[in-house]
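Residue numbering restarts at 1 for every chain, and letters A, B, ... go by the order of the sequence lines.
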Protein chains: 2
Amino acid sequence: MSYSSTVQELIDQLGRLPGIGPKSAQRIAFHLLKVPTDDALRLARAIVEAKEKVSFCPRCFNLAEGGGECAICADPRRETRLVCVVEDSQDIVAVERTGEFRGRYHVLQGAFSPIDGVGVDQLRIKELLTRVADEDVEEVIVATNPNLEGEATAALLVRYLKPLGVRVTRIASGLPVGGDLEYADELTLGRALEGRHELGT
Amino acid sequence: MSYSSTVQELIDQLGRLPGIGPKSAQRIAFHLLKVPTDDALRLARAIVEAKEKVSFCPRCFNLAEGGGECAICADPRRETRLVCVVEDSQDIVAVERTGEFRGRYHVLQGAFSPIDGVGVDQLRIKELLTRVADEDVEEVIVATNPNLEGEATAALLVRYLKPLGVRVTRIASGLPVGGDLEYADELTLGRALEGRHELGT
């Protein structure tokens with residue numbers, strides 16, 4: 001027995017989601033077939049609504065609703081001279097949770113990774129350069145992920161931003177708070193040493 | 001920043017799927033927001049179609065389309081005196097792949113687990129007993145999973161089926177083919193020893 005085309009289509013579509021392998025796709029498909037119709041349709045509706053209502057902020061490319069600017073760009077209390085560059089909208093949520101940042105954001109919508117087909121043109125770099133020139137930005141904090149792609153993106157941004165005379169900074173890498181030296185990998189510990197700062201000053 | 005209600009609803013609905021934690025739900029939601037609308041809507045459509053078209057076979061509770069019997073029950077070449085009892089429809093696919101079974105199936109739609117609210121009445125046991133009585137079944141092969149719930153279900157089925165005078169068998173547990181004694185857990189190895197059979201006869 002193989003699955004009917006309807007079931008196979010559902011499994012295929014679920015399998016295209018990130019992090020969902022063929023086995024999970026199958027399990028989720030059967031779950032959806034088994035739950036009450038209303039529950040399954042609620043998910044279908046949520047997808048349709050999200051695609052209808054949610055757009056990207058024309059300034060920073062964060063998520064926005066109704067086609068206008070996002071809540072952060074529209075907030076006049078946010079510092080405009082400070083821009084934090086992140087890879088994705090969900091990174092904004094993480095930075096906002098710290099309560100440490102009162103500037104604005106710029107979402108690149110990815111990280112530089114030519115092998116995956118993400119080059120300079122796929123990222124919102126041109127738009128960032130325009131903002132820096134137009135909006136009197138003083139400092140760009142590069143908060144891309146501290147992995148291969150994120151670091152390559154950071155290096156790229158420095159090359160583009162420096163000529164504009166703006167200050168470019170990078171978030172610190174090091175041991176996580178509550179972490180343990182013994183279990184830290186050598187790269188992280190190396191970065192922690194490199195980024196050491198003086199105490200008692 | 002927290003998510004807008006539309007985005008949060010999408011994350012919530014995704015998070016209700018089995019095996020999808022809050023982080024995965026968030027990642028999938030952002031993936032859906034980023035991909036072309038057509039790609040996202042294809043998933044929504046697949047869900048709606050599956051719920052519209054797919055039903056359960058009135059005889060064995062396998063998946064079926066169009067409200068009738070499933071492809072296996074409708075196939076006159078399948079042996080009717082042999083019924084293989086499984087927990088879910090996807091288990092049928094696994095058994096069919098072996099090419100070793102020419103009988104019919106009965107899908108319990110779960111395994112006995114009172115702690116999760118799955119008692120005798122939540123499983124298709126009553127329907128199995130009716131089939132055994134009505135369809136002249138000679139042997140019921142219990143192919144529930146060899147875990148706690150599956151074994152409890154098997155024990156339960158024996159209790160209900162034996163009085164009907166039908167032969168009840170259980171699939172063998174033991175080392176997987178290509179497996180390694182050294183890495184086998186003690187329960188599996190214990191089962192393998194228990195289920196040993198004579199060679200050279």
Side-chain angles (χ1 to χ4, degrees), chain A residues 1-14 16-20 23-24 26-56 62-65 70-72 88-90 92-93 95-97 105 109-110, chain B residues 1-14 16-20 23-24 26-56 62-65 70-72 88-90 92-93 95-97 105 109-110:
Chain A
M1 182 187 120
S2 62
Y3 298 120
S4 73
S5 61
T6 316
V7 176
Q8 193 59 52
E9 165 74 3
L10 179 58
I11 295 175
D12 289 348
Q13 291 302 329
L14 288 166
R16 298 179 61 180
L17 299 176
I20 307 287
K23 277 277 164 198
S24 306
Q26 191 177 307
R27 202 174 63 222
I28 295 172
F30 279 94
H31 167 86
L32 286 171
L33 289 168
K34 216 155 61 172
V35 296
T37 301
D38 267 0
D39 287 1
L41 295 190
R42 213 169 292 145
L43 169 59
R45 252 196 318 269
I47 297 170
V48 174
E49 272 205 7
K51 293 307 280 189
E52 273 171 2
K53 286 195 189 162
V54 179
S55 55
F56 293 106
N62 184 14
L63 298 179
E65 289 204 15
C70 73
I72 293 175
D88 287 299
S89 293
Q90 51 265 58
I92 293 185
V93 179
V95 177
E96 285 294 289
R97 259 200 304 261
Y105 293 91
Q109 298 192 324
Chain B
M1 181 187 119
S2 63
Y3 299 119
S4 73
S5 62
T6 316
V7 176
Q8 193 59 54
E9 166 74 3
L10 179 58
I11 296 175
D12 290 348
Q13 291 302 329
L14 288 166
R16 298 179 61 180
L17 299 176
I20 307 285
K23 278 276 163 199
S24 305
Q26 190 177 307
R27 202 173 64 221
I28 294 172
F30 278 93
H31 166 87
L32 287 171
L33 289 168
K34 219 156 58 173
V35 296
T37 302
D38 268 1
D39 287 2
L41 294 191
R42 213 167 293 144
L43 169 59
R45 250 195 320 268
I47 297 170
V48 174
E49 271 204 10
K51 293 307 278 190
E52 275 172 359
K53 286 195 191 163
V54 180
S55 56
F56 293 106
N62 183 15
L63 297 180
E65 289 204 15
C70 73
I72 293 175
D88 288 299
S89 294
Q90 52 265 58
I92 293 185
V93 179
V95 177
E96 285 294 288
R97 259 201 305 262
Y105 294 91
Q109 299 192 325

Using heavy-atom distances under 4.5 Å, tell me whether [X] contacts chain A through its side chain, its backbone, both, or neither.
X      : answer
I20(B) : side chain
V54(B) : side chain
S24(B) : neither

Give the member of [options] that has the highest number of heavy-atom pairs under 4.5 Å with chain B.
options                         : result
Q90(A), E49(A), Q109(A), H31(A) : Q90(A)
A44(A), A64(A), S55(A), A29(A)  : A44(A)
Q26(A), R45(A), E52(A), E65(A)  : E65(A)

R16(B) side chain reached by D39(A) side chain, heavy atoms, under 4.5 Å
yes
Non-hydrogen side-chain atoms of L17(B) and L43(A) separated by less than 4.5 Å
yes
Please name the pair of heavy atoms, one in [X] and one in [Y], separated by the smallest distance, quoted to 0.1 Å.
X      : Y      : result
K34(A) : D88(B) : NZ-OD1, 3.1 Å
L10(A) : A50(B) : CD2-CB, 3.7 Å
K51(A) : L32(B) : NZ-O, 2.7 Å
L33(A) : F56(B) : O-CZ, 3.9 Å
Q13(A) : A46(B) : CG-CB, 4.1 Å
A40(A) : I47(B) : O-CG2, 3.5 Å

Between NZ on residue K53(B) and OG on residue S5(A), distance to nearest 0.5 Å
6.0 Å
What part of E9(A) lies closer than 4.5 angstrom to a heavy atom of chain B: side chain, backbone, both or neither?
both
